[in-house]
S.K.: 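Here it is: the structure, laid out below.
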Amino acid sequence: MDMAPQVVTHDQLTRAARAAVGGGRWLEAVERLAGGTTKGVYRLTMDDATTAIAYVWEESEHYWPATESDGDLADPFSPGVGLDLFAASHARLSTLGLRVPGIYLVDRDRTHYPADLAIVEDFRGGNLMDLFNRDPRAAAPTMSRLADALAVMRGHRATSFGKVAHIDAGGTSRAASCQEAALDFALRCLAEAASRDRRIADAQGRLEARLRGLAAMVRPRAEYSLVHGELGLDHVLVDSGGNPVVIDIEEMLYFDVEWEHVFLQLRHSDSQYRPLAVESLDADRLALYKLTQHLSLTAGPLRLLDGDFPDRAFMQGIAEHHLNEALALVSAA
């Protein structure tokens, strides 16, 4: 992107906040919350101290440079951006009885703001990552409940794979299988990373051969689980009863459950992942998805750095770590 985020102001959200929260309350303060690369997140505080969260899918809040797959719902790995993906994933999780932020207002018609907007329930207790790092024992009941929630998602099966919004609306993905979709995505990431880093370019042939060999070993599967797609403990809030509340759900998919657990393992320490681990995961899928995600987490941050993302050192560190991990997987080849 060639512009800094347009900071949403108090005046711009006054009508939306009153419509969402109601009860004669008035909007007193708007606080921009840190994080996020595809939407703005703001805490709204009313005059009686009631709070809510506004999600704003404003173009200037989207830091990612455009790609050919943008908006392609038939591609499970096209960028998961927008109110419709959020609403579909929220509805699916709600029907399964899982804790997600309550929705106070959805504004597709841009009645209250000149971009797609949702106002949802706020949780002031912080996220599960911070709680675990501060006090693992205190986090244990919430971790156990998160493991139960993941079991519900794992047990919810679909006969088609792809984005929840697309599949639940009767669509199908373009690829013939999860492994074919992942291979295509991995090869795109490999090409992107190779165009930006000489070390990946030098190993591109070995990495491609490794990807194709891993994909060829994956056996067919006819049913798929519900997966978050980017589940980190920082994407889980904790409510007042100690229950996990899943957020950042736009990337939610029907896919191989191994995809979820590779990300969980890459994102967390052994002690953080252990309460969420499951048995009987397919080793061939794990191997393919591990290399795919290392390449994704190399190419994605490098592409983000083509724009004006502010925390550049942090993003460069992510790219460097996963670049080295990907190269390590083919170093003996």
Side-chain angles (χ1 to χ4, degrees), residues 4-63 80-131 134 138 142 145-146 149 165 228 233-250 252 310:
Q6 174 185 313
V7 177
V8 176
T9 67
H10 175 282
D11 290 347
Q12 289 173 313
L13 286 176
T14 295
R15 290 177 57 207
R18 290 189 66 194
V21 181
R25 302 179 181 94
W26 289 87
L27 180 62
E28 186 170 276
V30 175
E31 175 191 5
R32 181 183 176 86
L33 301 183
T37 60
T38 62
K39 64 180 182 290
V41 182
Y42 296 84
R43 174 168 285 121
L44 312 180
T45 302
M46 310 303 286
D47 56 357
D48 65 349
T50 299
T51 62
I53 296 294
Y55 294 148
V56 181
W57 285 273
E58 167 74 51
E59 182 178 352
S60 65
E61 303 274 7
H62 191 297
Y63 286 101
V81 179
L83 176 56
D84 289 341
L85 295 182
F86 166 79
S89 297
H90 188 283
R92 174 53 55 206
L93 290 172
S94 296
T95 62
L96 295 177
L98 301 183
R99 187 75 164 99
V100 284
I103 295 178
Y104 300 145
L105 174 74
V106 168
D107 185 10
R108 287 187 176 85
D109 299 327
R110 306 189 176 186
T111 302
H112 301 291
Y113 186 80
D116 286 352
L117 170 74
I119 297 181
V120 304
E121 184 179 4
D122 188 17
F123 299 90
R124 302 303 296 265
N127 66 57
L128 186 51
M129 179 78 83
D130 289 342
L131 176 59
R134 187 169 63 247
T142 308
R145 293 171 191 171
L146 178 60
H228 181 281
L233 297 184
D234 53 336
H235 289 168
V236 180
L237 304 180
V238 183
D239 73 9
S240 59
N243 298 301
V245 185
V246 181
I247 61 170
D248 289 329
I249 55 178
E250 289 94 319
M252 193 158 284

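All residue numbers refer to positions in the sequence shown, counting from 1.
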S.K.: If we only count heavy atoms from C-beta on, is the Val100 to Ser94 side-chain gap below 4.5 Å?
M.R.: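 Side chain of Val100 against side chain of Ser94, heavy atoms only: contact under 4.5 Å found.
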S.K.: Taking the side chain as every heavy atom from C-beta outward, state whether Asp122 and Arg43 have any pair of such atoms under 4.5 Å apart.
M.R.: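 Yes, their side chains come closer than 4.5 Å.
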S.K.: Indicate yes or no: at least one non-hydrogen side-chain atom of Leu233 is less than 4.5 angstrom from one of Asp130.
M.R.: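 In short, these two side chains do not touch, never coming nearer than 4.5 Å.
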S.K.: Keeping His112 on the side-chain end and Val106 on the backbone end, is there a donor-acceptor pair under 3.5 Å?
M.R.: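 Such a contact is absent between His112 side chain and Val106 backbone.
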S.K.: Would a 4.5 Å heavy-atom cut-off, applied to side chains only, mark Val245 and Val236 as touching?
M.R.: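 A side-chain contact is absent here, since even the closest heavy-atom pair is not under 4.5 Å.
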S.K.: Using 0.5 Å steps for rounding, measure from the CG atom of Leu117 to the OG1 atom of Thr111.
M.R.: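 It is 10.0 Å, given to the nearest 0.5 Å.
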S.K.: Does some side-chain heavy atom of Glu31 sit less than 4.5 Å from a side-chain heavy atom of Tyr42?
M.R.: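 Side chain of Tyr42 against side chain of Glu31, heavy atoms only: no contact under 4.5 Å found.
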S.K.: Donor-acceptor pair, distance only, cut-off 3.5 Å: does the side chain of Asp47 make one with the backbone of Trp26?
M.R.: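 Flag set: sc Asp47 to bb Trp26 pair under 3.5 Å.
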S.K.: Heavy atoms, side chains only, cut-off 4.5 Å: are Arg99 and Asp239 in contact?
M.R.: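 Of all side-chain heavy-atom pairs linking Asp239 with Arg99, at least one is under 4.5 Å.
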S.K.: Would you give the length of the straight line joining atom NE2 of His235 to atom CG of Asn127, rounded to the nearest 0.5 angstrom?
M.R.: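 Taking NE2 in His235 and CG in Asn127, the distance rounds to 9.0 Å.
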S.K.: Any donor and acceptor pair, going by atom type alone, linking the side chain of Thr142 with main-chain N or O of Gly242 inside 3.5 Å?
M.R.: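 At least one qualifying donor-acceptor pair exists.
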S.K.: Is the shortest distance from a Lys or Arg side-chain nitrogen in Lys39 or Asp248 to a carboxylate oxygen in the other one below 4.0 Å?
M.R.: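 Between Asp248 and Lys39 there is a salt bridge, with a charged N closer than 4.0 Å to a carboxylate O.
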S.K.: How long is the gap from CD1 on Ile103 to NE2 on His90, to the nearest 0.5 Å?
M.R.: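 Here the interatomic distance stands at 4.0 Å.
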S.K.: Tell me whether Asp116 is salt-bridged to Arg108, with the criterion being a basic N under 4.0 Å from an acidic carboxylate O.
M.R.: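 Salt bridge flag = no for Arg108 with Asp116.
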S.K.: Between Arg145 and Pro244, what is the shortest heavy-atom contact and its length?
M.R.: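 Residues Arg145 and Pro244, closest heavy atoms: CB-CD, 3.6 Å.
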S.K.: To the nearest 0.5 angstrom, please state how far the CG atom of Leu237 sits from the CG atom of Leu128.
M.R.: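 Result: 9.5 Å between the selected atoms.
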S.K.: Is the shortest heavy-atom distance from the side chain of Ile247 to the side chain of Pro101 under 4.5 Å?
M.R.: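 Ile247 vs Pro101: side chains touch.
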S.K.: Is it true that a side-chain atom of Ser89 and a backbone atom of Leu85 form a donor plus acceptor pair closer than 3.5 Å?
M.R.: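 Pair found, side chain donor or acceptor close to backbone of Leu85.
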S.K.: Closer than 4.0 angstrom, basic N to acidic O: yes or no for Arg25 and Asp48?
M.R.: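 Asp48 and Arg25: salt-bridged.
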S.K.: To the nearest 0.5 Å, how far apart are CG in Leu98 and CG in Asn243?
M.R.: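 Going from CG on Leu98 over to CG on Asn243, the span is 11.0 Å.
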S.K.: Look up atom CD in Glu121 and atom OH in Tyr104, then write down how far apart they are to the nearest 0.5 Å.
M.R.: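 Interatomic distance, Glu121 CD to Tyr104 OH, rounded to 0.5 Å: 4.5 Å.
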S.K.: Parallel, tilted or perpendicular, judged at 30° and 60°: which one describes the rings of Phe86 and Tyr55?
M.R.: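 Phe86 vs Tyr55 ring planes: perpendicular.
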